[in-house]
Amino acid sequence: MAQALATSTLAFRTVPGHTPDWITVDALTDSARWRDIADRYSRHIGTPHTAIGGVCALQHYTGRLLQPVVAVWAVEAAVLDLQQHRWWARLDEEGATREVSCPGLPIERFEVTPEELTARIREHVAPLVSAVCEATGIVERVALGGVAASFAGALQVCHQGIPRSRRSEFRLQAERAVAHLRCGGRQLVSLVDLDIERQQSPTAAVFSHDRRTCCLIRLGRAHRECDSCPQLPESERRRRQHSTAFRSLRPRIDLRSAGDPIHGS
């Protein structure tokens, strides 16, 4: 698994760097830290609204974090140790997370169900979400919506990296996982099948996702809605999602040598 991560194009390093831009994720549970990060990210995307920078910077972090986490689960049916002090993040001058690291890839538990994976991710992000909300005034549902979008994106990436023979099963597991990430009893994202490769193989289909909350980056200067934005008409979401999928059919991580994990029932 370490080799698959090391040779992937994911923003993951097996060992963190020794430069000041690397911090332990413990630091991201501090609201004062997030006020600074949100301010820098807001300036970067061209908006005076710190709340937008906060929610987008949090999603930037979880986008980096969850791809290796989901990859390990897809291969080993295991969840990495997600205690904040185990993880490192490299943030740039704009407050964007460029890379993450988890030295040693410590496994917390095997035979992890989709629902258990989601619960563990929720536990990891809970103090970060609280800190962002306190720092910027953003509501929890919007902050968690970004986490959910990152989670769905990570599931999509790993779905493309596993053997085609396993993709139908994995798609069902992914559905269970995202359905368990809710706020106020309401689901935050839903998966959407795209017919990109069906002409080649019925097991080669890809999926995308629709968000139930907006990340608000569209309010930044020279930014538009994300492909999954609920502010877009469904037809426009599908057009953009198909276009994006056509450009990214090459897997970002090769998980084809993996065995058949037991995800639990």
Side-chain angles (χ1 to χ4, degrees), residues 11 23-42 44-45 47 49-70 73 79-91 94-98 100 102 108 114-155 177-190 209-220 226 228-230:
I23 59 172
T24 63
V25 175
D26 270 344
L28 297 181
T29 64
D30 176 41
S31 59
R33 171 83 67 164
W34 275 107
R35 277 191 287 274
D36 174 62
I37 292 171
D39 184 60
R40 286 187 281 148
Y41 206 102
S42 295
H44 171 61
I45 63 176
T47 175
H49 304 292
T50 305
I52 299 174
V55 70
C56 290
L58 176 64
Q59 182 174 336
H60 211 130
Y61 165 71
T62 54
R64 302 294 189 248
L65 168 80
L66 294 180
Q67 290 181 6
V69 170
V70 173
W73 177 70
V79 63
L80 289 168
D81 188 338
L82 287 174
Q83 295 179 85
Q84 287 85 10
H85 72 269
R86 294 278 194 182
W87 286 81
W88 292 74
R90 182 174 70 84
L91 275 65
E94 285 78 37
T97 302
R98 292 304 174 189
V100 295
C102 184
E108 181 180 286
E115 293 81 7
E116 290 167 340
L117 173 68
T118 303
R120 194 63 194 89
I121 290 169
R122 181 72 178 263
E123 290 173 11
H124 174 88
V125 302
L128 283 70
V129 167
S130 294
V132 170
C133 291
E134 180 181 344
T136 68
I138 203 75
V139 298
E140 181 186 32
R141 180 171 172 78
V142 173
L144 276 174
V147 176
S150 294
F151 190 21
L155 290 162
V178 298
H180 200 61
L181 185 51
R182 295 171 174 265
C183 185
R186 293 182 291 173
Q187 194 166 325
L188 294 166
V189 296
S190 56
H209 66 276
D210 284 346
R211 297 181 59 137
R212 308 291 174 82
T213 63
C214 178
C215 72
L216 306 176
I217 198 170
R218 62 189 172 85
L219 302 179
C226 301
S228 58
C229 183

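The residues of the chain are indexed from 1 along the displayed sequence.
Within the 4.5 Å cutoff, side-chain heavy atoms of T29 are placed close to those of Q84. Looking only at side-chain heavy atoms (C-beta outward), P114 and H180 stay at 4.5 Å or farther from each other. In this structure, Y61 and V100 have side chains that are in contact, with non-hydrogen atoms separated by less than 4.5 Å. The side-chain heavy atoms of W87 and D26, taken from C-beta on, include no pair separated by under 4.5 Å. For the pair T24/H85, no side-chain contact is recorded, criterion being any heavy-atom separation below 4.5 Å from C-beta on. Within the 4.5 Å cutoff, the side chain of V189 has no heavy atoms near those of the S228 side chain. L117 is listed as a side-chain neighbour of F151, based on a closest heavy-atom distance under 4.5 Å. Using a 4.5 Å cut-off on side-chain heavy atoms (C-beta onward), L188 and C183 make contact.
The only option from D81, L82, V69 that meets the side-chain contact (heavy atoms from CB on, under 4.5 Å) definition with H124 turns out to be L82.
Every residue two or more places apart in sequence or in another chain that forms a side-chain contact (heavy atoms from CB on, under 4.5 Å) with R33 is listed here: I23, A27, L28, D30, I37.
Here the side chain of S150 pairs a donor or acceptor atom with the backbone of Q59 at under 3.5 angstrom. For T118 (side chain) and A177 (main-chain N/O), a donor-acceptor pair under 3.5 Å exists by modelled atom type.
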Throw together a table of side-chain donor-acceptor distances under 3.5 angstrom for residues 131-148, partners on residues two or more places apart or in other chains.
{"residue": "E134", "atom": "OE2", "partner": "S31", "partner atom": "OG", "Å": "3.4"}
{"residue": "T136", "atom": "OG1", "partner": "V132", "partner atom": "O", "Å": "2.8"}
{"residue": "T136", "atom": "OG1", "partner": "I138", "partner atom": "N", "Å": "3.3"}

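Minimum heavy-atom separation, C214 to R218: SG-NE, 3.2 Å.
With 3.5 Å as the limit, one finds no donor-acceptor pair spanning the side chains of H44 and R40.
No salt bridge links R35 with D39; every basic N to acidic carboxylate O contact stays at or beyond 4.0 Å.
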